[in-house]
**Student:** 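I have a structure I would like to understand better, so I am pasting it below and will then ask my questions one at a time.
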There are 2 protein chains.
Amino acid sequence: MAGKQTRDEIVAAADRLFYERGFEATSFADIAAAVQISRGNFYYHFRTKDEILTAVIARRVADREALLRHWAEELPPLDRIERFIGILIANQSKIMAYGCPVGTLATELAKLGHAARDDAAHLFTVFRDWLRCQVEALGVAERADDIALHLLMRSQGVATLATAYKDPEFIRREVEDMRAWLQQHLPGPSD
Amino acid sequence: MAGKQTRDEIVAAADRLFYERGFEATSFADIAAAVQISRGNFYYHFRTKDEILTAVIARRVADREALLRHWAEELPPLDRIERFIGILIANQSKIMAYGCPVGTLATELAKLGHAARDDAAHLFTVFRDWLRCQVEALGVAERADDIALHLLMRSQGVATLATAYKDPEFIRREVEDMRAWLQQHLPGPSD
DNA sequence: GTCTATACAGCGATAGAC
DNA sequence: GTCTATCGCTGTATAGAC
């Protein structure tokens with residue numbers, strides 16, 4: 001039964017390396033070294049690089065869904081969205097070094113013409129649908145999906161420029177602006 | 001003197017391939033095949049992959065500077081910025097397929113920890129400084145750089161989501177929103 | 001300036017012993 | 001389930017003929 005644990009360790013290491021170095025730039029040897037197993041053993045668990053990519057994407061989807069579910073249980077709708085925006089602050093060190101894990105993987109797979117590109121784009125949809133639901137819960141009936149996409153768009157833009165310039169003050173300012181924008185696009189308390 | 005021409009063809013082909021497939025995923029054989037020369041001849045012009053990357057970045061900087069200078073000569077300041085925003089529409093097919101050439105290269109080199117990462121980030125600065133100048137020309141004395149960064153941020157966000165979702169209607173809507181935002185952040189005609 | 005031939009490391013992937 | 005050994009291919013890079 002140690003097989004399951006080894007497999008999980010491989011996926012966790014691949015998840016981290018695909019994020020930090022990129023999918024193409026990460027070799028089997030890199031992952032095996034990170035988990036401290038031989039390449040031969042590695043191939044017992046995953047026969048191709050595509051298989052491990054699929055497992056990594058599934059892991060990321062599960063992680064994000066669990067996180068968003070957790071927020072939905074603990075916070076009221078507005079705070080949930082603010083928490084989403086706050087990811088840019090909470091993860092700013094990693095974002096300045098490696099960008100957004102969702103956006104950078106989707107872009108890389110699109111360039112590679114990889115079969116899993118749509119699966120990677122689906123990671124965006126996890127956030128998109130969740131954001132739309134929260135916006136609707138705040139009383140916005142129409143254009144809730146547009147608002148969700150706009151928040152996603154801003155997150156991606158901030159992440160990309162944060163990686164290029166590594167400027168925490170830029171991130172702080174844009175996060176504040178996102179929060180103000182959100183307030184303006186929700187029904188006021190008198191509605 | 002055919003050497004100069006061959007060299008230009010190599011850089012042009014590498015520029016396109018680095019954009020469409022990524023820097024890491026493009027091999028010397030790919031570039032040589034695109035220019036229809038042998039690998040041996042290729043190495044006469046560029047001895048390492050880093051050398052050709054440097055040449056590609058220099059080419060991109062020169063191309064963008066020439067384009068922006070051209071706009072500055074032909075259009076009034078507000079139209080120049082609108083033209084910048086309009087890149088998202090004019091290049092939407094390529095952006096949906098490969099993302100933004102500036103943002104995707106900067107992100108990839110950041111992940112690779114490549115020495116040329118700062119040079120790639122400088123490509124952003126070409127647009128940043130130019131946008132700041134146009135905003136200042138429209139009468140904004142303070143926060144012109146913040147406005148420039150905000151426009152860059154939005155462009156990057158739209159490009160990333162456009163690559164993931166390939167939705168022209170999303171691009172159209174966000175471009176319209178960028179133009180409206182710009183109008184709101186410029187001094188009114190009565191000021 | 002352009003070519004062929006080639007060196008050598010690292011890649012993804014397989015076979016088979018334990 | 002984990003290992004060593006190895007395969008075939010591709011990657012960057014070089015040497016030298018023309």
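Order of the sequence lines fixes the chain letters, A, B, ..., with proteins taken first and strands second; residue numbering starts at 1 for each chain.
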**Student:** So, is B:Thr48 near the phosphate of D:dT12, with a side-chain N or O under 4.0 Å from OP1 or OP2?
**Tutor:**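 For D:dT12, neither OP1 nor OP2 has a side-chain N or O of B:Thr48 closer than 4.0 Å.
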**Student:** Decide whether a cation-pi geometry holds between A:Arg21 and A:Tyr98; the criteria are a distance under 6.0 Å from NZ or CZ to the six-membered ring centre and an angle within 45° of the ring axis.
**Tutor:**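 That pair does not qualify as a cation-pi contact.
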**Student:** When the distance from NZ of B:Lys49 to P of D:dT14 is rounded to whole Å, what number comes out?
**Tutor:**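 One finds 15 Å between P of D:dT14 and NZ of B:Lys49, rounded.
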**Student:** In terms of the nearest nucleotide of DNA chain C, which residue is placed more toward the 5' end: A:Gly40 or A:Ala25?
**Tutor:**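 Looking at DNA chain C, the more 5' nearest nucleotide goes with A:Ala25.
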**Student:** I want to verify a distance call: between C:dC11, D:dA13, C:dA13, whose nearest atom is closest to the A:Phe28 side chain?
**Tutor:**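 The listed nucleotide nearest to A:Phe28's side chain is C:dA13.
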**Student:** When you measure from the side chain of B:Tyr43, which nucleotide among D:dT12, C:dG12, C:dT4 comes out closest?
**Tutor:**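 In terms of side-chain proximity for B:Tyr43, the closest of D:dT12, C:dG12, C:dT4 is D:dT12.
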**Student:** Under 3.5 Å, is there a donor-acceptor pair between the A:Tyr44 and A:Thr6 side chains?
**Tutor:**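 Result is no, nothing qualifies.
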**Student:** How long is the line joining OH of A:Tyr44 and P of C:dG16, in whole Å?
**Tutor:**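 Interatomic distance, OH of A:Tyr44 to P of C:dG16: 18 Å.
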**Student:** In whole Å, I'd like the distance from the CZ atom of A:Phe42 to the P atom of C:dT14.
**Tutor:**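 Atom CZ in A:Phe42 sits about 13 Å away from atom P in C:dT14.
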**Student:** To the nearest Å, how far apart are B:Glu24 CD and D:dT10 P?
**Tutor:**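 It is 17 Å, rounded to the nearest whole Å.
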**Student:** How close or far is atom P of D:dT12 from atom CZ of B:Arg39, stated in whole angstroms?
**Tutor:**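 In whole Å, D:dT12 P and B:Arg39 CZ are 10 Å from each other.
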**Student:** Check the phosphate of D:dG1 against A:Asn41, side-chain N and O only, distance under 4.0 Å to OP1 or OP2. Yes or no?
**Tutor:**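 For D:dG1, neither OP1 nor OP2 has a side-chain N or O of A:Asn41 closer than 4.0 Å.
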**Student:** Just compare D:dT12, C:dA13, C:dC3 and give me whichever is closest to any side-chain atom of B:Ile37.
**Tutor:**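 Of the options given, the side chain of B:Ile37 lies nearest C:dC3.
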**Student:** Show the nearest heavy-atom pair for residues B:Glu9 and B:Val35, with the distance to one decimal.
**Tutor:**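 Looking at all heavy atoms of both residues, the closest pair is OE1-CG1, 3.6 Å.
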**Student:** Measure from CZ on B:Phe23 to C1' on D:dT12 and round the result to the nearest Å.
**Tutor:**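 B:Phe23 atom CZ is separated from D:dT12 atom C1' by 11 Å.
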**Student:** Among the nucleotides D:dC3, D:dT12, C:dC11, which one has an atom lying closest to any side-chain atom of A:Ser27?
**Tutor:**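 Taking heavy atoms from C-beta onward, the closest nucleotide is C:dC11.
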**Student:** Between B:Phe23 and B:Leu112, is any pair of side-chain heavy atoms under 4.5 Å apart?
**Tutor:**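 Answer yes - side chains close enough.
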**Student:** Could you tell me the separation between the CG atom of A:Leu17 and the P atom of C:dG12, rounded to a whole number of Å?
**Tutor:**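 In whole Å, C:dG12 P lies 12 Å from A:Leu17 CG.
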**Student:** Find the distance B:Asp50:CG to D:dT12:P and express it as a whole number of Å.
**Tutor:**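 About 11 Å, once rounded to whole Å.
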**Student:** Can you tell me if A:Arg60 uses its side chain to pair, donor with acceptor, with the backbone of A:Asp15 under 3.5 Å?
**Tutor:**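 A pair under 3.5 Å: yes.
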